[in-house]
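Every heavy atom of this structure was used, including side-chain atoms; hydrogens, water molecules and symmetry mates were not. Every value quoted in this text rests on a predicted model; they were computed, and no experiment measured them.
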Amino acid sequence: MNILHIDASILGAQSITRDLSAAIVQQLQATHPDARVVYRDVVQQEIRHLTAAIAGGFRPSGVSTFDAATQQEHQLSELLLQEFMASDVIVVGTPMYNFSVPTQLKAWLDRLAQAGRTFQYTERGPVGLAGGKRVIVASARGGFYAEGPLAHMDFQEGYLRAFFGFLGIDDVQFVRAEGASKAAEIRQAGIAKAKSAIASL
């Protein structure tokens, strides 16, 4: 089994999602001792957002002349794609920032959506080419968005389900620690609930 472990929290050692994603990987390794893990911290190893020149490495963008720095970005795009395509399980640690994903995670996702590699356009519409993988997302939120009056503001889970679904991945699971910005006992209860969910993955 090949595991791709992605962390996207800006909070370093104080991050809930980094702790949860590590626990998920540890659990997977316990049941698959031969698992190979590739780790990528998209905050410490920040990925530049797409420009026309960077996107030109894998899709028409109107730019055809690339300097050395852009060619390095093209090589990074290929590396990120290969890491993704080689994985069987993708574990993503991502907090909810402003109701969606961190911009650092979005930059990583933007390098993966490549026509002819991870999806293709057909007469029936786009078809994902990266099926057969499993995605486990460890999410932390300051409030409560899984249900209740703020559920309509959760653009994180819907976005990630749609994105990975577009690539052909239907097996997307979420482990949530909600209430992270509330009182200590509420925060700890949310973390405990998430860790309990990890045990049953």
Side-chain angles (χ1 to χ4, degrees), residues 1-32 35-47 80 83-84 86-112 130 133-148 150-151 153-165 167 169-182 184-201:
M1 173 190 286
N2 291 325
I3 300 171
L4 178 57
H5 180 186
I6 303 291
D7 269 328
S9 169
I10 63 173
L11 297 182
Q14 303 303 313
S15 166
I16 293 173
T17 60
R18 287 175 182 271
D19 185 41
L20 294 176
S21 69
I24 293 169
V25 171
Q26 186 175 21
Q27 170 139 324
L28 291 171
Q29 289 179 302
T31 54
H32 299 84
R36 174 177 174 270
V37 180
V38 172
Y39 179 70
R40 184 166 289 278
D41 184 332
V42 296
V43 175
Q44 294 299 318
Q45 300 170 289
E46 192 168 352
I47 299 165
L80 296 174
E83 289 176 351
F84 175 73
S87 64
D88 301 298
V89 181
I90 300 105
V91 177
V92 180
T94 175
M96 176 190 281
Y97 290 159
N98 298 315
F99 318 113
S100 185
V101 299
T103 184
Q104 292 90 344
L105 183 65
K106 179 64 165 56
W108 175 70
L109 295 169
D110 284 343
R111 301 290 185 110
L112 304 180
K133 303 180 187 302
R134 179 186 185 192
V135 175
I136 306 172
V137 179
S139 170
R141 298 95 177 277
F144 295 87
Y145 299 90
E147 56 187 22
L150 299 182
M153 298 176 71
D154 181 356
F155 298 101
Q156 182 189 53
E157 291 194 17
Y159 169 68
L160 290 172
R161 282 190 192 281
F163 179 86
F164 288 116
L167 303 186
I169 304 172
D170 298 323
D171 188 355
V172 183
Q173 297 172 276
F174 289 85
V175 173
R176 308 179 198 90
E178 296 205 296
S181 297
K182 306 298 182 184
E185 62 270 23
I186 297 175
R187 172 187 170 95
Q188 289 306 315
I191 294 172
K193 185 176 180 179
K195 290 187 173 179
S196 176
I198 290 172
S200 61
L201 285 174

* Using the salt bridge (charged side-chain N to carboxylate O under 4.0 Å, His left out) rule, take E157 and R141 through it: C-alpha gap first, then chi angles, then the decisive distance, then the call. => CA-CA 11 Å; E157 291 194 17; R141 298 95 177 277; 2.9 Å; yes

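- Between M1 and R36, every side-chain heavy-atom pair lies at or beyond the 4.5 Å cut-off.
- Taking the ring axis of F84 as reference, the NZ or CZ atom of K133 stays within 45° of it and closer than 6.0 Å to the ring centre.
- By the 4.5 Å heavy-atom criterion applied to side chains, K195 and L20 are counted as neighbours.
- In this structure a side-chain-to-backbone donor-acceptor pair under 3.5 Å is missing from S196 to A192.
- Counting only heavy atoms from C-beta outward, the side chains of T94 and V137 approach each other to under 4.5 Å.
- For the atom pair F164 CZ and R134 CZ, the distance stands at 14.0 Å (nearest 0.5 Å).
- Atom CG of L112 sits about 9.5 Å away from atom CD of E83, to the nearest 0.5 Å.
- At distances below 3.5 Å, at least one donor-acceptor pair connects side-chain atoms of R161 with backbone N or O atoms of V172.
- Of all heavy-atom pairs spanning I47 and A107, the tightest one is O-CB, 3.4 Å.
- A distance of 12.5 Å separates CD1 in I6 from CD in Q104, rounded to the nearest 0.5 Å.
- A side-chain donor-acceptor contact under 3.5 Å links S21 and D7.
- In this structure the side chain of V89 reaches within 4.5 angstrom of the side chain of L28, judged on heavy atoms.
- Of all heavy-atom pairs between R18 and D41, the closest is NH1-OD2, 2.8 Å.
- With contacts defined as side-chain heavy-atom distances shorter than 4.5 Å, the pair I136/L201 qualifies.
- Nearest heavy-atom pair, A180 versus I16, reported as atom, atom and distance to 0.1 Å: CB-CD1, 3.6 Å.
- Pairing each heavy atom of I3 with each of A35, the nearest pair is CD1-CB, 3.8 Å.
- Atom CD1 of I24 is separated from atom CD1 of I198 by 4.5 Å, given to the nearest 0.5 angstrom.
- Taking 4.5 Å as the limit, some side-chain heavy atom of I10 sits within range of a side-chain heavy atom of Y97.
- Listed for the E178 side chain is a donor-acceptor partner under 3.5 Å among the backbone atoms of A146.
- For the pair F163 and D110, the minimum side-chain heavy-atom distance is 4.5 Å or more.
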* To do: Report the C-alpha distance between S139 and Q156 in whole Å, list the side-chain angles of each, state the deciding distance to 0.1 Å, and finish with yes or no for side-chain hydrogen bond (donor to acceptor under 3.5 Å, both in side chains).
  => CA-CA 9 Å; S139 170; Q156 182 189 53; 2.6 Å; yes

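- Residues satisfying the ring-ring contact (aromatic ring centres under 6.0 Å, His included) test with Y39, not counting sequence neighbours, are H5.
- Using a 4.5 Å cut-off on side-chain heavy atoms (C-beta onward), L150 and F144 make no contact.
- For the pair R187 and Q14, the tightest heavy-atom approach, listed with the atom from each and the gap, is NH2-O, 4.1 Å.
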